[in-house]
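What follows is one structure encoded as structure tokens, with my remarks underneath.
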Amino acid sequence: MSEVQVQLKDGASARLPSSATVADALKQLDRDKAKQALAARVNGDEVDLAARLERFGANGDAAKPVEIEPVLPETREGLEVLRHSTAHLLAAAVLDLFPGTKLGIGPALLDDPRYGFFYDVIAPRQLTDEDLPVIEKRMREIAKRNMPYRRDDITKSEALRIFSERDEPLKCKLIDDKGGDTVSVYYIDGSPFIDFCLGPHVPNTNRLRAFKLLSLSGAYWLGDATQPQMQRIYGTAFFTPEELEAWLKQREEAERRDHRRLGRELDLFSIQDAYGQGLIFWHPNGAVIRKAMEDYLYEELNKRGYQFVFTPHIAKRDLWITSGHDQSYGDSMFSPVKLEEVEFRLKPMNCPFHIGIYKSQQRSYRDLPKRYAEMGTVYRAELSGTLHGLMRVRGFTVDDAHLFCTPEQVRQEIDGCVDFVVDVFKTFGFEKVKFELSVKGSDTGKQWLGGEEGWAHAEAALAESLDSRGVDYERIEGEAAFYGPKIDFKVEDAIGRLWQLGTVQWDFNLPDRFALEYVGEDGKAHRPVMVHRALFGSIERFFGVLIEHYAGAFPVWLAPVQVAVLPITDRVNEYAERVAADLRAAGLRVEVSTRGEKIGAKIRDAQVRKIPFMLVCGDREAESGQVAVRERSRGDIGAMSVEDFKRMAQRLVDSRALVNVVES
RNA sequence: GCCCGCGUAGCUCAGGGGUAGAGCGCCUCCUUGGUAAGGAGGAGGUCAUGAGUUCAAAUCUCAUCGCGGGCUCCA
């Protein structure tokens, strides 16, 4: 019998008959890991543990051992195998309960924090949420039967025969499109399930212990709106019940922080049917926060040599044709309106307007760089189904800026932008920033504007800027805008979710389209470089992220009401009003609660509204000119004079502190 | 836009072919209480909108509007 030489990636080796399986080999090489392994990587390819060595090793050729590496739990690969196998289990349960169900695809999801896997199905009847627990129960029953996942390698025609016999037209289509001469299919023994699938899978259903079905939604076959709509069943799976539990907790926490709920509870903003979807009303509490955010930005923009501009919300359609938006972005713009035979369109971006200011007079190299900044409100015709609270809207304000500079200046300008972004994020408590450099792809079908040389120069400038600050960044090929490369910034919030916010984009396109010029040292006309840059991105969206990041408990400098003065009895109402007036005179936002409630109720009320400081005043305080200070997360922090409190609060506000503790 | 689900008081929600319900909030009165809910009373709803079925519709049907979950991540 022929034998195969096998070797663990970094160590032990053994010799086994070629009829042995990968699992057998692993057992010889490392007993512990063999036990844990979900699948294995053999000569670089992921395979099942049940795969026979003869598939890999040629006739016991000792010169080149077969390299084996277990796929272990707690790794990305391991999780993928686990979830993919759980998706199969889901399909098996659905087929069991609803014979005649047609299967679509059922992959594992690793990068979507909301879900772990899904399976698309067309069931004989419409599934509802009530079906999920029933399906999940059946999954558990099948899992408990310790059924092996079995793989068969068969010819394509054989596979087509099997699936058309089972009346699985979608699977047949997949096999036709993606299958080679031989294809692999997977069974779960003891269930009616069979799937066209590359694998690998866990060896046995008993490995699936911690999973949960989450939701049901619609999804098009192949994501194409012209294709039939299927039902997508989402679920997630982990290696241990504890991990699943922790994940579900985190999900609840995210729900608790939902900006739409907090927005209503804290009376921050609303969206009203009668006025239109995706349009935001900033209520007084939300407006206070926005004002503080914008004031901060203006302060920073000033320091960094930006100039403020204001531009219209609408412009002639011809302008948008010149900029190219009408042609390439027109579907996302509101339809034109006509006045005296001239068509106008609402602006979806601010760039052409800032260009208008640049072009309003001749520019010399001595004038550059020009940094025009504007809180520019734009309107985009987003599809109704994509709208979501503050995160996806139809009208929003960009903390926009456009930099016009010479090619020599651009590197420095980009450095300035990156510095700016990082500083701003830090102020709001986003310490972890993920940088992404999106560059031109080599062979994608996209049309890239601008010459090779220009791209090389631009990409190098962006990369150098990131390199020079020693940060890690991901370089993403082919993700650049058609008009130039860009850096995107993602922040991690308080519960570990990533949000894409700011962006710095190089633009080869608009300076050409608008024929921008400056007069150089040589007295000749040159084309300036243009950089688009936003920090928050959309102020609405950033506000939504902040609400969820802080869970509604804003730092003092942002809090709509910073101080609640709470008199214990009516006797001290007047004293409370005097304290409040004193603090207001110092610029603090203060409320007094004189309603006829006990102190406990007044505290609860302020606490629920997440007011940072409560000043409890009774006879003792009124006599001594003090206040008993309660901080929203620490509780009672003792009495102090009104003067001391005022100084402390002001210091917290002025320093834009993130926690309400004064460093002494 | 498309699929599924949902729309009852300011909010969260129960109910369901034949006088419209609860808790919280709001208003009034009593209570003046020292660190997360004192007590009593009251106001408040064309049951999203429109049409249909019915002796009778908040309830059943359809349409419209809105909201929510989604809409190709190696078979």
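Below, chains carry the letters A, B, ... as their sequence lines are ordered, and counting in each starts from 1. If you're wondering where the values come from, they're calculated on a predicted model, not measured in any experiment.
Spacing of C1' atoms, B:rG50 relative to B:rG66, comes out at 15 Å, to the nearest Å. For the P atoms, the distance linking B:rA63 with B:rC27 amounts to 44 Å, nearest Å. Between B:rG21 and B:rA9, the distance separating the two P atoms is 14 Å to the nearest Å.
Using a 4.0 Å heavy-atom distance criterion, A:A628 is classed as a base contact.
Looking at RNA chain B, the stems built from 3 or more consecutive Watson-Crick or G-U wobble pairs, each pair with its key distances under 3.5 Å, are B:1-7 with B:65-71, B:10-13 with B:21-24, B:26-30 with B:38-42, B:48-52 with B:60-64.
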Salt bridge (charged side-chain N to carboxylate O under 4.0 Å, His left out) between A:E253 and A:R257: does it pass, once the steps are laid out?
CA-CA 6 Å; A:E253 176 63 19; A:R257 288 168 178 255; 2.7 Å; yes

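The cationic atom of A:R83 (NZ for Lys, CZ for Arg) does not lie both less than 6.0 Å from the six-membered ring centre of A:F117 and within 45° of the ring axis.
Under the rule for a side chain to side chain contact (heavy atoms under 4.5 Å, CB included), the partners of A:A622 that lie at least two apart in sequence or sit in another chain are A:V572, A:Y575.
Between B:rU35, B:rC73, B:rC71, one nucleotide has an atom nearer to the side chain of A:I599 than all others, and that is B:rU35.
With a glycosidic angle further than 90° from 0, B:rU61 counts as anti.
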Tabulate protein N/O versus nucleotide N/O from nucleotides 30-32 of chain B, keeping only pairs under 3.5 Å, one per line.
| residue | atom | partner | partner atom | Å |
| --- | --- | --- | --- | --- |
| B:rU32 | O2' | A:R571 | NH1 | 3.4 |
| B:rU32 | O2 | A:D570 | N | 2.9 |
| B:rU32 | N3 | A:D570 | OD1 | 3.2 |
| B:rU32 | N3 | A:D570 | OD2 | 2.7 |
| B:rU32 | O4 | A:D570 | OD2 | 2.4 |

Just the atom pairs and distances: protein N or O near nucleotides 41-44 of chain B's N or O, under 3.5 Å.
none

Please tabulate the protein-to-nucleotide N/O contacts below 3.5 Å involving nucleotides 10-12 of chain B, giving atom names and distances.
| residue | atom | partner | partner atom | Å |
| --- | --- | --- | --- | --- |
| B:rC11 | O3' | A:R264 | NE | 3.3 |
| B:rU12 | OP1 | A:R264 | NH2 | 2.8 |

Give each protein N/O atom lying under 3.5 Å from an N/O atom of nucleotides 64-67 of chain B, with the pair distance.
| residue | atom | partner | partner atom | Å |
| --- | --- | --- | --- | --- |
| B:rG66 | OP1 | A:Q277 | OE1 | 3.0 |
| B:rG66 | O2' | A:D273 | OD1 | 3.0 |
| B:rG66 | O2' | A:D273 | OD2 | 3.3 |
| B:rC67 | OP2 | A:Q277 | NE2 | 2.3 |

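Nearer to the 5' terminus of RNA chain B, by closest-nucleotide assignment, is the contact made by A:M230 (compared with the other of A:G618 and A:M230).
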